Number of protein chains: 2
Amino acid sequence: MEPGSRKERERAERRRAIITAARDIAESEGWPAVTTRRLAQSIEYSQPVIYGHFANMQAIVAAVAIEGIVELTVHLRRARLAAAPENIPDAVAWAYLDFARAHPALFDAMFTLPNGLDFGGPDAPVELVDAFGELIEAFAPLAKGEDQETYVEMAWSAIHGQTVLGMSGRLRPQVAAERMAMLVRVLKRE
Amino acid sequence: MEPGSRKERERAERRRAIITAARDIAESEGWPAVTTRRLAQSIEYSQPVIYGHFANMQAIVAAVAIEGIVELTVHLRRARLAAAPENIPDAVAWAYLDFARAHPALFDAMFTLPNGLDFGGPDAPVELVDAFGELIEAFAPLAKGEDQETYVEMAWSAIHGQTVLGMSGRLRPQVAAERMAMLVRVLKRE
DNA sequence: TCGTAGATCTAGCGATGCTAGGATCCGGGC
DNA sequence: GCCCGGATCCTAGCATCGCTAGATCTACGA
């Protein structure tokens with residue numbers, strides 16, 4: 001099937017429709033409601049058509065996760081570029097938490113559900129590398145003498161941990177702001 | 001059924017057998033292999049018997065999670081008591097990571113799988129409160145002027161984040177040791 | 001010894017992810 | 001214009017899941 005043909009376009013559209021439907025259903029009703037039959041109904045095709053686009057359910061989660069990572073990257077970048085240089089770590093940390101709160105199902109696809117994505121491995125998708133690059137921009141300046149990449153991993157996981165524990169109700173919500181500010185202060189080592 | 005009777009004891013034994021079977025299967029084959037039919041086979045009863053002990057599958061995950069939390073608590077306490085005072089934060093942080101690595105399925109039950117446990121809420125199980133108490137013992141001394149409880153939440157979530165991202169292959173494993181050491185250094189604010 | 005209450009099992013319901021095999025449609029050669 | 005072959009799509013079904021209803025069987029007290 002030559003690229004750019006009508007069939008090719010329709011096929012790509014259908015793939016997008018599946019991903020979008022999965023996102024929408026997951027955000028509104030939770031991931032357990034995202035079933036192959038439900039997706040088929042959303043795109044107005046029969047169930048096996050789904051398997052013409054994705055090998056299995058996990059591949060759909062992975063596709064949504066990739067989309068989420070891309071959006072998270074632009075969200076972080078926007079926050080970084082809008083902030084005064086000395087406020088970049090705060091702004092990006094907050095943007096991370098904001099994103100997770102605004103798109104919990106997307107966040108689940110990225111970090112909680114099994115999605116089969118190879119993050120650290122040799123053939124990690126570019127989207128993942130880009131996202132980490134954005135974190136480097138934000139937090140590498142705080143590394144001081146330490147190894148930058150390691151420092152950024154450390155900072156990211158600290159922010160991530162606070163995000164996931166907070167979102168799952170394991171931390172006191174009323175001090176969320178002060179807790180995140182405290183983390184950034186500690187990371188800045190002022 | 002009066003407590004202490006033979007029937008009561010047998011019932012309690014069976015409950016324990018279910019929890020143990022769930023743990024064992026989850027550790028050796030992953031949580032998806034833990035099905036009600038499989039558990040029934042393990043305890044040599046028919047499947048509906050499971051529902052005489054647990055309302056649903058999630059309640060079994062919760063029971064395993066509680067068990068895991070208790071074990072994590074003693075693991076952290078042991079590490080704390082064995083360490084020199086100035087090394088307590090390092091020792092406890094490492095113990096946390098060690099525990100997750102040694103019992104990944106247990107850790108999943110506690111933090112990744114839906115278990116319905118109310119962590120932060122008013123009627124959180126005592127086991128959860130005890131576990132957090134252990135974290136307070138370890139990290140509150142680092143709070144300096146800051147609010148202690150908030151500081152401990154911050155430190156815990158940072159360690160937790162590094163643990164979960166590391167275990168799911170999202171951080172470089174070869175620098176795991178230096179990364180955790182770096183976090184503790186930052187938390188100590190030396 | 002017998003009747004009843006509780007314990008346990010068999011069987012089944014409505015779902016799930018996923019697949020096989022038949023129908024249908026569409027495009028290119030005569 | 002027709003016909004044929006391949007791609008595309010659907011119906012139907014398999015095995016398995018969590019969970020439950022109803023029958024059966026066991027054990028204990030009157």
Side-chain angles (χ1 to χ4, degrees), chain A residues 1-19 21-23 25-26 28-65 105 108-109 112-116, chain B residues 1-19 21-23 25-26 28-65 105 108-109 112-116:
Chain A
M1 192 188 298
E2 62 271 22
S5 68
R6 174 179 59 81
K7 291 203 160 187
E8 246 282 323
R9 282 197 312 275
E10 287 178 354
R11 191 176 160 74
E13 269 174 37
R14 225 158 41 202
R15 187 190 151 89
R16 277 232 46 78
I18 294 171
I19 297 176
R23 267 189 74 160
I25 297 170
S28 58
E29 303 173 42
W31 275 103
V34 180
T35 69
T36 56
R37 285 172 178 81
R38 181 75 183 279
L39 290 173
Q41 180 188 341
S42 285
I43 67 168
E44 296 184 291
Y45 278 90
S46 74
Q47 190 207 12
V49 167
I50 305 291
Y51 291 91
H53 291 273
F54 298 94
N56 49 39
M57 200 60 196
Q58 181 173 297
I60 297 176
V61 175
V64 173
D108 277 349
T112 303
L113 300 180
N115 58 26
Chain B
M1 192 188 300
E2 62 271 20
S5 68
R6 175 179 58 82
K7 290 203 160 190
E8 246 282 322
R9 283 197 313 275
E10 287 178 353
R11 192 176 160 74
E13 269 174 37
R14 225 160 38 203
R15 187 190 151 89
R16 276 232 46 77
I18 294 170
I19 297 176
R23 268 189 73 158
I25 297 170
S28 58
E29 304 173 43
W31 276 103
V34 180
T35 69
T36 56
R37 285 171 177 82
R38 180 75 183 277
L39 290 174
Q41 179 189 341
S42 285
I43 67 169
E44 296 183 290
Y45 277 88
S46 74
Q47 190 207 11
V49 168
I50 304 290
Y51 291 91
H53 291 272
F54 297 95
N56 48 39
M57 199 62 197
Q58 181 173 297
I60 297 176
V61 175
V64 173
D108 277 349
T112 303
L113 300 179
N115 57 26

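Not measured: the values here are computed from a predicted model. Order of the sequence lines fixes the chain letters, A, B, ..., with proteins taken first and strands second; residue numbering starts at 1 for each chain.
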dist A/Ile60:CD1 -> A/Arg15:CZ (nearest 0.5 Å) comes out at 9.5 Å
Does anything in residues 29-38 of chain A reach DNA chain D, meaning a heavy atom under 4.0 Å, and if so which residues?
->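 The answer is A/Arg37.
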Could you tell me the separation between the [atom1] atom of [X] and the [atom2] atom of [N], rounded to a whole number of Å?
X       : N      : atom1 : atom2 : value
A/Glu10 : C/dC25 : CD    : P     : 15 Å
A/Gln41 : C/dT16 : CD    : P     : 11 Å
A/Ile50 : C/dC18 : CD1   : C1'   : 12 Å
A/Leu39 : C/dG17 : CG    : P     : 8 Å
A/Arg15 : D/dT8  : CZ    : P     : 16 Å

Residue set satisfying side-chain contact (heavy atoms from CB on, under 4.5 Å) with B/Gln58, at least two apart, ordered chain then number -> B/Asn56, B/Pro114
Please name all residues satisfying side-chain contact (heavy atoms from CB on, under 4.5 Å) with B/Arg37, sequence neighbours left out, ordered by chain then number.
->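 side-chain contact (heavy atoms from CB on, under 4.5 Å) list for B/Arg37, sorted by chain: B/Thr35, B/Gln47.
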Flag the pair [X] / [Y] as yes when at least one side-chain heavy-atom distance between them is below 4.5 Å, and no otherwise.
X       : Y       : result
B/Val64 : B/Trp31 : yes
A/Leu39 : A/Ile25 : yes
A/Ile19 : A/His53 : no

Counterpart residues, salt bridge (Lys or Arg N to Asp or Glu O under 4.0 Å), relative to B/Arg38 (two or more places apart) = B/Glu29
If you compare all heavy atoms of [X] against all heavy atoms of [Y], which two are closest, and at what distance to 0.1 Å?
X        : Y       : result
B/Ala40  : B/Ile50 : N-CD1, 3.8 Å
A/Ala109 : A/Ala65 : O-CB, 3.5 Å
A/Val34  : A/Met57 : O-CE, 2.9 Å

Nearest to side-chain heavy atoms of A/Tyr45, which nucleotide of D/dA12, C/dC9, D/dC9 |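 Nearest listed nucleotide: D/dC9.
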Nearest-neighbour nucleotide for the B/Tyr51 side chain, D/dC19, D/dT11, D/dA21 considered | D/dC19
Identify, residue by residue, the members of residues 53-60 of chain B with a heavy atom below 4.0 Å from DNA chain C, and return them in order of residue number, or none.
->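 Those residues whose heavy atoms fall under 4.0 Å from DNA chain C, taken from residues 53-60 of chain B, amount to none.
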B/Asn115 side chain vs B/Val61 backbone, donor-acceptor pair below 3.5 Å = no
Is there a donor on the side chain of B/Gln47 or the base of D/dC19 sitting less than 3.5 Å from an acceptor on the other?
-> yes
At under 4.0 Å, does any side-chain N or O of A/Arg14 touch on OP1 or OP2 of D/dT8?
-> no
Bend angle of the helix from C/dT1-D/dA30 to C/dC30-D/dG1, from helix axes over five pairs at each end, nearest 10° =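 Comparing the first five pairs with the last five, the axes sit 30° apart.
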